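Here is the structure we will look at.
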Amino acid sequence: MRMLRLFATLAALFASVAAASAREPGELDSARLTKAVAGATLHLDSPIGLTLPIVFSPEGDMTGEAGGLSFFLGASRDRGRWWIADDKLCKKWNVWFEAKTKCVWVRMDGNTIRWRHADGSTGNGVIVARKAVVAD
């Protein structure tokens, strides 16, 4: 009986982890996500009401200006890389966010982006500009 209860508990735990790490309806797949982000300038909303402008180059580089968030991020400007993996937008800054890789699922409503991380954190941003991307 004890083994059965342990098995049921583990099965429920794995099911909840799998559900939390899967793309939900409305979230962009890899192709749509690449099209949305490549060449975009995104103003990411911060919890303290300031925006963080980020430019995503079509080549996978990104740059940002911290403005009033410099104290929290550790630098007034930063550079990094972005890529798409498993239907998620992944980013790694050189300094900001402890230079750790973070991948999020994204959904769009017009130019508004809503992101979701596997840890449950969420956020918003607005695409304010797009650079034309030339296809190979």
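Note that the coordinates shown come from a computational prediction; the quantities given were computed from them, not determined experimentally. Residues take their numbers from the sequence shown, with the count starting at 1.
Looking at heavy atoms from C-beta onward, Asp45 lies in side-chain contact with Thr51 at the 4.5 angstrom threshold. With a 4.5 Å cut-off on side-chain heavy atoms, Val106 and Val37 do not count as touching. With contacts defined as side-chain heavy-atom distances shorter than 4.5 Å, the pair Phe56/Ile127 does not qualify. For the pair Asn124 and Ile113, the minimum side-chain heavy-atom distance is 4.5 Å or more. Residues Trp115 and Leu44 form a side-chain contact, since some pair of their non-hydrogen atoms from C-beta on lies under 4.5 Å apart. Side chains of Arg77 and Val95 form no contact here, defined as non-hydrogen atoms less than 4.5 Å apart. Using a 4.5 Å heavy-atom cutoff, the side chains of Leu28 and Met108 are in contact.
Not counting sequence neighbours, Arg79 has no partner by the side chain to side chain donor-acceptor pair (under 3.5 Å) test.
Separating the CG atom in Leu42 from the CG atom in Leu52 is a distance of 8.5 Å, to the nearest 0.5 Å. Atom NE2 in His117 sits 7.0 Å away from atom SG in Cys103 (nearest 0.5 Å). Here the CZ atom belonging to Arg107 is positioned 10.5 Å from the CZ atom belonging to Arg32, to the nearest 0.5 angstrom.
Taking both residues in full, the closest heavy atoms of Ala36 and Arg130 are given as O-NH1, 2.8 Å, listed atom of the first, atom of the second, then distance. Of all heavy-atom pairs spanning Trp96 and Glu65, the tightest one is CH2-N, 3.6 Å. Closest approach of Cys90 and Ala85 over heavy atoms only: SG-CB, 4.0 Å. The two residues Ser76 and Ser70 have their closest heavy-atom pair at CA-OG, 3.2 Å.
Applying the salt bridge (Lys or Arg N to Asp or Glu O under 4.0 Å) test to every pair with at least one member in residues 53-64, sequence neighbours left out, gives these pairs: Asp61-Arg81.
Annotation for Val126: hydrophobic cluster partners, listed by chain and number, are Val128 (ILVMFWY side-chain heavy atoms under 4.5 Å, direct or chained).
Hydrophobic clustering, with ILVMFWY side chains joined whenever heavy atoms are under 4.5 angstrom apart, keeps Trp83 apart from Trp105.
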